[in-house]
Number of protein chains: 2
Amino acid sequence: MARSDTRYREAFNDILAYCGTLEIDSALPSENALCQQAGVSRTVIRRCLGKLEELGVIRWEGREKRILRRPCEEDSIAIPPANGSSEDLEKRFLDWILRFDVPANTPLSVAELSRSFNVPQHELKEFLASLSRFGLVARRKQGGWMLLGFTRAFAIELSDFRSVLELNAIANVVDAPIDHPVWAQLADLRGKHMSLKERIDTDFHAFSKLDEAFHEVINSVVRNRFVVEFQKVISLVFHYHYMWDKTHEMDRNAAAIDEHLTIIDALEARDKDAAMEAARRHLRTSKSTLLSSLRHHDLG
Amino acid sequence: MARSDTRYREAFNDILAYCGTLEIDSALPSENALCQQAGVSRTVIRRCLGKLEELGVIRWEGREKRILRRPCEEDSIAIPPANGSSEDLEKRFLDWILRFDVPANTPLSVAELSRSFNVPQHELKEFLASLSRFGLVARRKQGGWMLLGFTRAFAIELSDFRSVLELNAIANVVDAPIDHPVWAQLADLRGKHMSLKERIDTDFHAFSKLDEAFHEVINSVVRNRFVVEFQKVISLVFHYHYMWDKTHEMDRNAAAIDEHLTIIDALEARDKDAAMEAARRHLRTSKSTLLSSLRHHDLG
DNA sequence: TATTTGTATTGAATTATAAAAAACTATTGA
DNA sequence: TCAATAGTTTTTTATAATTCAATACAAATA
């Protein structure tokens, strides 16, 4: 009926183990010192000390805290199975939308989502609130949330925004110093692209991952928290839609490999205009692929 | 211990007023029709009908709902003082941070904020969650939230991001068709700039608003939900910092007016390169003004 | 006087619950 | 027969209550 006491439980076992390292009759450090050690507040530490005294592991009177006996297995308390499943909620949520192709204007039930994602309701609400900044979801007048979703307009605006960010990144790469890690990464990517190009007939599915890696390297040059935040969403959306549109998939991927290589060539030649032009062409292709994949799915 | 019944109360008064427009002994429409009218669910409507029957305003039996008497003042129920103050929470929150110069790494207490902003706690939590997308606030390990705030790094990254967006906007303006409203707006702005330039000695404070208007017009050409979302934050931050840094304020503003006019000139001449270069110069000035205002305040 | 402890206050995570929405079933009347 | 309407049940949401934890402050100790 209230918050869990996992914090206390973990701290207790922590302090218990620490007691095990001390000699019988030796003194424990101050409460504040123990706070630091366990990374919790004094309130929790004092609760732990109370429990330790109750178990007869220590004697505790004022600032006198002495070890009475060596702690044993039974002294420690059980820690409830930590549902770490609220870890990468974002990835799993976008994954769900894209994989199951949840249509735009679907009402989202917090109760249902919290069950299926195994996450407390209030956490899900906070998450949805944060997503609303991307215009992906919105509050409904009659309460609850609504998936605005991947409409045609959303895709167009996302693509345009991506182009702006990525062209900026390209411009930055050209100006990167010779010892910047991006050059080694690009050389490596060139090799991987060439290799995949040779076995494209059979391995064309592998391109999606390579595409993600390529754009990640390009964007890694721009150290900007806003860019990073958006890149997460952008790469997921494009990654999935790439995998969807099965029409001419092999041809498309083969063409994209060439486009990537053209960009790498221009970058390594430090030819800014050529790099920008090549990137523009590639981004245009990407956009139309994204739009056509939407057309093939449902709405417009 | 549960949600408020404001919805019911408002709906009731709504339906009551509607009853007032009907003749005695005439029939009310179906429950569903009433739902539509009041914009609530049938559950609420039925509760309203129950209350109306209890008050003797109507007779209700199955689908027979007849007006018995004309409703009077005392029939309506009081609506708790609607705290519309959760309206522009975002503006007020940023306003608070900037105006009182709340330092970076300040722990934010949801309880306290919800009191001072007069907004329910859960709403504030959702708001903070959404702000976390901008990297302005973050969760703390020991619970609660933390204002990451306007550090030097934040200002730099925000400026850079702004430059990327705005240079893109400039490029779009140049390509805008002749009948696009932006041209009339720019002509108007030119006039206002010239006028302010003449009386800059006395009215230099008026520039801040003009600056905001100028950048708004430039960015209005880009129809993109992501850009719009960011522009809100960007304009607020720059607006305030402009007002802060009092050193050489008049000179700075006079110079900025000239920079704006140079941009307008280049745009009207459809000279893309000149416009971009002028914009770049102006954005550089803006950035250094922002940074120096931070230096004058506190940290770095 | 600087730590350390004792105590009180405040805040946050989580749950319980009333209000509202939505889903489902039965009834009515053309 | 079937579309619209009402009755009933189930589910969901918004919000306060509850309990754990953090922090602030006072008293005591060394």
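Every chain is numbered from 1, with letters handed out A, B, ... down the list of sequences.
- You won't find any donor-acceptor pair under 3.5 Å spanning the side chain of S4(A) and the base of dT19(D), going by distance alone.
- For dA22(D), its base sits under 3.5 Å from the side chain of T43(A) at one donor and acceptor pair at least.
- Remark: R3(B) is not in phosphate contact with dA17(D), judged by side-chain N or O atoms under 4.0 Å from OP1 or OP2.
- R47(A) comes within contact range of the sugar-phosphate backbone alone, with a heavy-atom separation under 4.0 Å but no base atom that close.
- A sub-4.0 Å separation between OP1 or OP2 of dA14(D) and a side-chain N or O of R139(A) is present.
- Partner of E31(A) under the salt bridge (Lys or Arg N to Asp or Glu O under 4.0 Å) criterion, out of R42(A), R47(A), K65(A): R42(A) alone.
- Atom CZ in R42(B) sits roughly 14 Å away from atom C1' in dT10(D) (whole-Å rounding).
- Residues T6(B) and E123(A) each lie close to DNA chain C; by heavy-atom proximity, the contact nearer the 5' end of the strand is made by E123(A).
- Spacing between atom CD of Q142(B) and atom C1' of dT23(D) amounts to 11 Å, rounded to whole angstrom units.
- Rounding to whole angstrom units, CD of residue Q121(B) and P of dT10(C) are separated by 14 Å.
- Annotation: cation-pi pair R162(A)/F238(A) present, NZ/CZ under 6.0 Å from the ring centroid and within 45° of its normal.
- Side-chain atoms of R63(B) come within donor-acceptor range of the base of dT5(D), with a qualifying N/O pair under 3.5 Å.
- Residues K125(B) and Y8(B) both approach DNA chain C. Their nearest nucleotides, taken by heavy-atom distance, put K125(B) toward the 5′ side.
- Dashed line: the shortest gap from a side-chain N or O of S41(A) to OP1 or OP2 of dA22(D) is under 4.0 Å.
- Between the CG atom of L108(A) and the C1' atom of dT13(D) there is a distance of 14 Å, rounded to whole Å.
- Side-chain N/O atoms of S30(A) include none lying less than 4.0 angstrom from OP1 or OP2 on dT3(C).
- An OP1 or OP2 oxygen of dT5(D) is reached within less than 4.0 angstrom by no side-chain nitrogen or oxygen of K65(B).
- For R140(B), a side-chain nitrogen or oxygen approaches OP1 or OP2 of dT23(D) to under 4.0 Å.
- Within the structure, a side-chain polar atom (N or O) of R115(A) is placed less than 4.0 Å from OP1 or OP2 of dT12(D).
- Paired with F226(B) under the rule ring-ring contact (aromatic ring centres under 6.0 Å, His included), one option of F230(A), F134(A), F226(A) passes, and it is F230(A).
- For the pair H122(A) NE2 and dA16(D) C1', the computed distance is 15 Å after rounding to whole Å.
- For the pair R140(B) and W145(B), the cation does not sit on the ring face, since its NZ or CZ is not both under 6.0 Å from the ring centre and inside 45° of the axis.
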